[in-house]
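Below is one structure; the comments refer to it alone.
For clarity, every value in this text was computed on a predicted model and none was experimentally measured. The first residue in the sequence is number 1, and the count goes up from there.
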Amino acid sequence: MRHALTAIMAAVSFSSIATAQTADAPVAAAPPAQSAIGAEIAKDMDGLMALYRDLHANPELSEKEVNTAAKLAKRLKAMKYDVTEKVGGTGVVAVMKNGSGPVLLIRADMDGLPVVEQTGLEFASKVRTKTPEGVETGVMHACGHDTHMTAFIQTAKLMAARKSDWKGTLVMILQPAEEVGRGARLMLEDGLYTRFPRPTHAIAFHDAANLEAGKIGYTPGYALANVDSVDIVVRGVGGHGAYPQTTRDPIVLGSRIVGSLQTLVSREQEPQDPAVVTVGSFQAGAKHNIIPDEAKLLLTIRSYSDETREKLIKGIERIARGEAIAAGIPDNRMPVVSVKDEFTPSTFNPPEFAEQMAGVLKAHFADDRVVKTPAVMGGEDFGRFYRADKSINSFIFWVGGVPADKMAAAAAGQATLPSLHSPFWAPQADKVIASASEAMTVLALNILKEK
């Protein structure tokens, strides 16, 4: 997920998970411990884990997923999908037509993160590279995209083998650059909905760092947030630290702006409409006795509705200018507020469709496997596929990756769980992959069921 998702799953408390499990447990008797699909996945698990370890050990940064895309495209071609590479950069689109019927898009994201891995896994990433900004860094699948891709490949295989059980068209896409919020947009701009069959339905999953491995979480309505990165250049008049009266100190002004920004949520936002304004970086000065000319603030802004997003951005601009006027900054030195172009729109699960898909999963899995989870303030650009055509029935769900013993220890206050994007995040990959590929296959067969 987006770089700003470092604490995404902390939003769900252990007590709320337990409540959701109780409240949403179906009345029907639990299905068999292992379905035919589950049994087939179990037979393939050795090969799936080999693929997972390879992907984990060889991550690539956003828009650089060249080798990852090539090796997965090769597998899709072997399954007899019609495969097109280099869509939206490094994206892959694999189409399988099987008569008339719905068009289902299934997505997995491919990019890793600029994180130095510290999991201690035997197959831990040792990849080193430079970011586009020229910073040397390690690279890691610290958000679980390696589990996403592995489950995607297994889902593609299961669906190809079951063509007699469904009708319609599968559009399987491997998306680049999710972590920087550009990949879905790049694929759409490169003709995803015009060069290829236009979807009537779209599904995806994300591994979760707050759910027990193998459990499935779903959220009707807004599931993930709008994510904006905003820069504020605070301009002052520099000078000697011994003579502050001759300056207009941008550090003091920046501090005032930081303080006032907190009122956007606490005093201007409707409490039932969540929002976040976080100043993640305050950069200014180079020496003890010099008041600089400028300071720079880096913000992340989170919201759900477009109206709230616009209100927050305008509020940031208003506060920055207002505090500058109060500090006596001349008009030609007013702060400069820039909204970065890496905007990630909120992800919305149409509620009726989300409940329908949850019902399918609850009917297939054991009683306690599928739980309703609250929306989070993390970002996921899967939401762009729905935004591009709101007639699409879209659904993204969570698959837990925390081993049961670690989950129990954390619930007892005896351990702290690493979050997504942590250098220590190592999901129980076999359970994530098995549960996700089974869930996606079950959903796909339901959506594309032969009438």
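In this structure, a donor-acceptor pair under 3.5 Å is present between the side chains of Ser305 and Thr308. Ser338 and Asp231 form no side-chain donor-acceptor contact under 3.5 Å, judged by distance and modelled atom types alone. Between the side chains of Glu60 and Thr68, a donor-acceptor pair is found at a separation under 3.5 Å. Thr90 and Glu65 share a side-chain donor-acceptor pair at under 3.5 Å. Inspection of the Thr219 and Thr373 side chains reveals an N or O donor paired with an N or O acceptor under 3.5 Å. A side-chain donor-acceptor contact under 3.5 Å links Gln175 and Asp381.
Checked against the 6.0 Å centroid criterion, the rings of His206 and Phe382 do not qualify as a close aromatic pair. Checked against the 6.0 Å centroid criterion, the rings of Tyr222 and Phe348 qualify as a close aromatic pair.
Using a 4.0 Å cut-off between charged nitrogen and carboxylate oxygen, Lys64 and Asp111 do not count as a salt-bridge pair. With respect to Asp306 and Arg387, a salt bridge is recorded, a charged nitrogen being found less than 4.0 Å from a carboxylate O. A salt bridge links Lys77 to Glu85: at least one charged side-chain nitrogen sits closer than 4.0 Å to a carboxylate oxygen. Of the charged side-chain nitrogens involved, none lies within less than 4.0 Å of a carboxylate oxygen, so that Lys449 and Asp165 do not count as a salt-bridged pair. Salt bridge Lys362/Asp368: absent, no basic N to carboxylate O contact under 4.0 Å.
Ile106 places a side-chain heavy atom less than 4.5 Å from the side chain of Leu104.
With rounding to the nearest 0.5 angstrom, the OG1 atom of Thr441 is 11.5 Å from the CH2 atom of Trp166. Rounded to the nearest 0.5 Å, atoms CG (Leu298) and CD1 (Ile232) are 9.5 Å apart.
With sequence neighbours excluded, the residues forming a side-chain contact (heavy atoms from CB on, under 4.5 Å) with Lys97 are Val95, Thr169, Pro197, listed by chain and number.
Figure legend: cation-pi geometry between Arg309 and Phe343, with NZ or CZ positioned under 6.0 Å from the six-membered ring centre and within 45° of its axis.
When each of His145, Glu117, His141 is checked for a side-chain hydrogen bond (donor to acceptor under 3.5 Å, both in side chains) with His56, only Glu117 meets the rule. Among Val376, Val371, Asn210, the single residue meeting the side-chain contact (heavy atoms from CB on, under 4.5 Å) criterion with Trp398 is Val376.
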